[in-house]
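Keep in mind it's a predicted model, so treat the numbers as computed, not measured.
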Amino acid sequence: DTIPQLVSWKDANRRYMGANRTFVNFFGVREISEVVKRTTNELIADEEYAKWSDSADIAVISGQGDFRRVRKKIVDFSGETWWLEINKVPLLDQRGKINGILTTAENVTREQSLENQLLQSQKMEAIGTLAGGIAHDFNNILTSIINSTELAVGDVEPGSQTEKDLERVLKAAR
C-alpha cells in the first residue's frame, strides 16, 4: 500500500482479487473491498483502456507472454487524461501453472508531456532551419538581381523609360 505504483492482481477469470491503496485512489474507489470480484469493465470507465486491458489479461492467462512497459492513455473517473506505463505478468501456482495476473502501473503523465514538448521543439527547430536555408538562397538570388540591375542602369540613357523600369526592379528587389 505504500508504493507509488498502482498494483492489482486478478484470478484466472480476470476478476480482481485485490489492489493497493494507490490503485484504489487513482480509480476513485473508496475501499479496496469494492474492487474485489469485479472485472476491469465494471471498475474502469475508460472503455478503450478497459478493452485493451482485458485483451492483455487474456493473452497473459493463455500463456502468450507478458506485457512490460506498455504506455497507455487512460481517462480517470473525473475525466482527466493520464498516461500509465503498465506491466502485466502471470501469477503462477506452486506447480508453475498460470492462475492469475499481476498488474503494476506507474503514472508517467509528466514524462509523456515532456517528451511531447521535446518533439514539438525539434519540429520547430527543423522548420526554422528550413526557413533559414530558404531565406539564404532567396537572398543570394536577390543579390544577383540587384547587382545585375545596377549594372544595367549604368548602361541606359538617364531619364528614359528603361531607367525608370530598372529603378522599379531595384526598389522591389531591395
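- In this structure, L84 and N107 approach most closely via the heavy-atom pair CD2-CA, 3.8 Å.
- A salt bridge links E42 with R15; the closest basic N to acidic carboxylate O contact falls under 4.0 Å.
- Within a 6.0 Å radius of CD in E48, other residues, nucleotides and ligands contribute 12 heavy atoms or fewer.
- No side-chain donor from either of S33 and E31 sits under 3.5 Å from a side-chain acceptor of the other.
- Between I146 atom CD1 and I141 atom CD1 the span is 12.0 Å, to the nearest 0.5 Å.
- Considering T39, T103, T40 as possible partners of K10, the one that fulfils the side-chain hydrogen bond (donor to acceptor under 3.5 Å, both in side chains) test is T40.
- I58 and I86 fall into different hydrophobic clusters, where Ile, Leu, Val, Met, Phe, Trp and Tyr residues are linked whenever their side-chain heavy atoms come under 4.5 Å apart, directly or through other members.
- With D57 contributing its side chain and R14 its backbone, the two residues share no donor-acceptor pair below 3.5 Å.
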Evaluation steps, side chain to side chain contact (heavy atoms under 4.5 Å, CB included), between R21 and V24: CA-CA 5 Å; R21 178 59 47 198; V24 169; 3.7 Å; yes
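- Between F67 and A56, the closest heavy-atom pair is CE1-O, 3.5 Å.
- One hydrophobic cluster, built from ILVMFWY side chains closer than 4.5 Å, holds both F27 and W82.
- Shown here is Q161, whose CD atom has more than 12 heavy atoms of other residues, nucleotides or ligands within 6.0 Å.
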S53 and K88: CA distance, side-chain angles, deciding distance, side chain to side chain donor-acceptor pair (under 3.5 Å) verdict: CA-CA 9 Å; S53 181; K88 287 183 175 279; 3.1 Å; yes
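- Taken together through direct or relayed side-chain contacts under 4.5 Å among Ile, Leu, Val, Met, Phe, Trp and Tyr, L43 and L102 form parts of separate hydrophobic clusters.
- In terms of heavy atoms, R68 sits closest to N87 at CA-OD1, 3.2 Å.
- Closest non-hydrogen pair, F23 versus V35, comes out as CE2-CG1, 4.2 Å.
- The CD atom of E163 lies 10.0 Å from the CG atom of L170; values are rounded to the nearest 0.5 Å.
- None of T104, N20, T22 except one satisfies the side-chain contact (heavy atoms from CB on, under 4.5 Å) rule with I3; the exception is N20.
- Of the possible polar contacts, one joining the S55 side chain to the W52 backbone as a donor-acceptor pair under 3.5 Å is found.
- Tested against I101, the residues V89, I61, L91 include a single side-chain contact (heavy atoms from CB on, under 4.5 Å) partner, I61.
- In R174, the CZ atom is crowded: over 12 heavy atoms of neighbouring residues, nucleotides or ligands sit closer than 6.0 Å.
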Worked check of side chain to side chain contact (heavy atoms under 4.5 Å, CB included) between F26 and I74: CA-CA 11 Å; F26 184 83; I74 186 169; 4.2 Å; yes
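- One hydrophobic cluster, built from ILVMFWY side chains closer than 4.5 Å, holds both V70 and V60.
- Heavy atoms of other residues, nucleotides or ligands lying less than 6.0 angstrom from CD of E157 number 12 at most.
- V75 and W83 fall into different hydrophobic clusters, where Ile, Leu, Val, Met, Phe, Trp and Tyr side chains are chained together by heavy-atom contacts under 4.5 Å.
- Salt-bridge check for D54 with K51: failed, with every basic side-chain N at 4.0 Å or more from each acidic carboxylate O.
- Nearest heavy-atom pair, K73 versus D46, reported as atom, atom and distance to 0.1 Å: O-OD2, 4.1 Å.
- Remark: E106 does not engage K72 in a salt bridge, criterion side-chain N to carboxylate O under 4.0 Å.
- Across all their heavy atoms, M17 and V36 have their closest contact at O-CG2, 3.6 Å.
- More than 12 heavy-atom neighbours from other residues, nucleotides or ligands sit within 6.0 angstrom of CD on Q122.
- Rounding to the nearest 0.5 Å gives a distance of 10.0 Å between CG of L142 and OG1 of T149.
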